[in-house]
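One structure below.
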Amino acid sequence: MSAQQEFLKKNEAYVAAFDKGHLSLPPSKKLTVVTCMDARIDPAASLGIELGEAHVIRNAGGSARDALRSIVISQRLLGTREVAIFHHTDCGMLTFTTEQLRGIVKNAAPNNAAVAEAVDKIDFLEFGHLEESIKSDVEYLKKHELILTETKVTGWVYDVTSGKAIQVV
């Protein structure tokens with residue numbers, strides 16, 4: 001059975017206990033968390049973030065570059081003033097290069113020029129060193145002209161084996 005087939009039943013149970021309809025649109029802690037889409041990470045639970053307190057932006061690797069559009073919206077329209085970047089141990093982004101992934105995609109669609117052209121336009125933003133990638137993302141946001149100058153930007157490692165978060169920057 002598809003996971004999506006369970007949505008309605010699980011949502012009914014959620015709706016029955018839901019009491020958060022009064023929350024305001026802007027996050028109460030003025031916080032944006034950028035983290036990886038890895039299914040082993042539950043940012044709200046691991047950081048003690050309650051519904052309505054923060055924006056949580058997820059993408060492959062927890063990339064600040066990939067999250068920039070959402071961060072700008074979060075800051076300029078919804079008042080966030082802190083950004084916490086979380087990368088994690090055992091991340092898949094440490095296991096490949098953009099060129100390798102482009103090759104995999106092209107090999108799955110041989111002789112398809114449209115696929116080859118499309119994948120060649122994507123930088124998959126992989127990284128080779130965990131802590132350096134965090135420092136790079138923090139620096140990227142601190143220097144980016146679209147990020148408010150008063151923004152507090154921090155960088156963290158989340159350990160998927162212990163659940164511990166460690167500040168790097």
Side-chain angles (χ1 to χ4, degrees), residues 2-4 6-7 10-11 13-14 17-18 20 23 25-75 78-105 119 122-144 146-169:
S2 166
Q4 294 180 35
E6 298 177 20
F7 287 170
K10 299 243 182 194
N11 181 250
Y14 180 78
F18 187 73
K20 304 292 186 196
L23 294 174
L25 182 59
S28 64
K29 290 192 173 193
K30 299 183 184 297
L31 169 67
T32 299
V33 174
V34 178
T35 192
C36 189
M37 64 186 194
D38 191 299
R40 299 170 292 177
I41 301 170
D42 184 348
S46 66
L47 302 174
I49 297 170
E50 298 295 329
L51 197 61
E53 291 183 336
H55 288 151
V56 178
I57 302 166
R58 298 183 76 157
N59 61 51
S63 168
R65 287 163 183 78
D66 202 16
L68 181 63
R69 180 184 67 91
S70 297
I71 295 169
V72 170
I73 291 167
S74 178
Q75 289 199 321
L78 297 163
T80 58
R81 294 299 181 264
E82 289 186 61
V83 179
I85 305 290
F86 279 83
H87 293 191
H88 67 91
T89 59
D90 195 34
C91 185
M93 299 302 283
L94 291 160
T95 66
F96 69 94
T97 67
T98 289
E99 286 307 314
Q100 288 171 328
L101 186 49
R102 286 177 179 162
I104 290 167
V105 172
V119 77
I122 299 174
D123 179 352
F124 289 97
L125 303 172
E126 76 282 358
F127 44 85
H129 187 271
L130 186 59
E131 288 191 13
E132 289 306 314
S133 70
I134 296 164
K135 291 174 184 176
S136 174
D137 271 3
V138 168
E139 194 63 23
Y140 171 80
L141 290 181
K142 284 183 174 182
K143 289 183 175 181
H144 202 286
L146 296 179
I147 300 301
L148 297 171
T149 55
E150 70 270 19
T151 303
K152 180 178 182 178
V153 183
T154 56
W156 303 75
V157 170
Y158 174 78
D159 187 323
V160 296
T161 58
S162 69
K164 185 173 182 146
I166 301 163
Q167 188 169 359
V168 174
V169 180

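Side chains included, hydrogens not; waters and symmetry mates left out as well; all remaining heavy atoms used. Bear in mind the structure is a predicted one, so any value in this text is a computation, not a measurement. If you read the sequence from its start, that first residue is 1, and numbering goes on from there.
Between Ile49 and Ala54, the shortest heavy-atom contact is CG2-CB, 3.9 Å. Smallest separation of non-hydrogen atoms from Gln75 and Ile147: OE1-CA, 3.6 Å. The minimum heavy-atom distance linking Ile85 with Ala64 is given by the pair CD1-CB, 4.0 Å. Across every non-hydrogen atom of Met93 and Gly61, the tightest pair is CG-CA, 3.5 Å. Ala60 and Cys36 make their closest contact through C-SG, 4.3 Å (heavy atoms, listed as atom of the first residue, atom of the second, distance). Taking both residues in full, the closest heavy atoms of Thr35 and Pro43 are given as CG2-CG, 3.8 Å, listed atom of the first, atom of the second, then distance.
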Given side-chain contact (heavy atoms from CB on, under 4.5 Å), test Phe127 with Glu132 step by step and report yes or no.
CA-CA 8 Å; Phe127 44 85; Glu132 289 306 314; over 6 Å; no
With side-chain contact (heavy atoms from CB on, under 4.5 Å) as the test, would you mind laying out the steps for His129 and Ser136 before giving the verdict?
CA-CA 10 Å; His129 187 271; Ser136 174; over 6 Å; no
Run the side-chain contact (heavy atoms from CB on, under 4.5 Å) check on Arg58 and Ile41 step by step: do they pass?
CA-CA 10 Å; Arg58 298 183 76 157; Ile41 301 170; 3.7 Å; yes
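Atom CG of Leu141 and atom OG1 of Thr154 lie 10.5 Å apart (nearest 0.5 Å). Atoms CG and NZ, on Leu130 and Lys135 in that order, are 10.5 Å from each other to the nearest 0.5 Å. In this structure, the separation between NE2 on His88 and CG on Leu94 is 8.0 Å, given to the nearest 0.5 Å. A distance of 9.0 Å separates CG in Asp38 from OG1 in Thr89, rounded to the nearest 0.5 Å. Here CD of Glu6 is found 13.0 Å from CG of Asn11. Values are rounded to the nearest 0.5 Å.
Of the possible donor and acceptor atoms, none in the side chain of Thr98 sits under 3.5 Å from a partner among the backbone N and O of Asp123. At distances below 3.5 Å, at least one donor-acceptor pair connects side-chain atoms of Ser2 with backbone N or O atoms of Gln4.
For Asn59, there are no side chain to side chain donor-acceptor pair (under 3.5 Å) partners at least two apart in sequence or on another chain. With sequence neighbours excluded, the residues forming a side chain to side chain contact (heavy atoms under 4.5 Å, CB included) with Val105 are Leu101, Val115, Val119, listed by chain and number. With sequence neighbours left out, Glu131 forms a side chain to side chain donor-acceptor pair (under 3.5 Å) with no residue at all. For Leu51, the side chain to side chain contact (heavy atoms under 4.5 Å, CB included) test picks out Tyr14, Phe18, Lys20, Leu23, with sequence neighbours left out. Residues satisfying the side chain to side chain contact (heavy atoms under 4.5 Å, CB included) test with Glu50, not counting sequence neighbours, are Glu53. Applying the side chain to side chain donor-acceptor pair (under 3.5 Å) criterion to Glu82, with sequence neighbours excluded, gives no partner residue. Applying the side chain to side chain donor-acceptor pair (under 3.5 Å) rule to His87 yields the partners Ser133, Asp137; only residues at least two apart in sequence or on another chain are considered. The side chain to side chain contact (heavy atoms under 4.5 Å, CB included) check on Thr95 picks up nothing, with sequence neighbours excluded.
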Give the table of side-chain donor-acceptor pairs shorter than 3.5 Å for residues 66-74, with sequence neighbours excluded, one pair per line with atom names and distance.
residue : atom : partner : partner atom : Å
Ser74   : OG   : Thr32   : OG1          : 2.9
Ser74   : OG   : His55   : ND1          : 2.6
Ser74   : OG   : Thr80   : OG1          : 2.7

Under 3.5 Å, which donor-acceptor pairs link side chains of residues 161-169 to any protein atom two or more places apart or in another chain?
residue : atom : partner : partner atom : Å
Thr161  : OG1  : Asp159  : OD1          : 2.5
Ser162  : OG   : Lys164  : N            : 3.2
Gln167  : NE2  : Val169  : O            : 3.0

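For residues 90-101, every residue pair satisfying the salt bridge (Lys or Arg N to Asp or Glu O under 4.0 Å) rule, not counting sequence neighbours, is listed here: Arg40-Asp90, Glu99-Arg102. For residues 147-169, the ring pair (Phe, Tyr, Trp, His ring centres under 6.0 Å) pairs, not counting sequence neighbours, are Phe86-Trp156.
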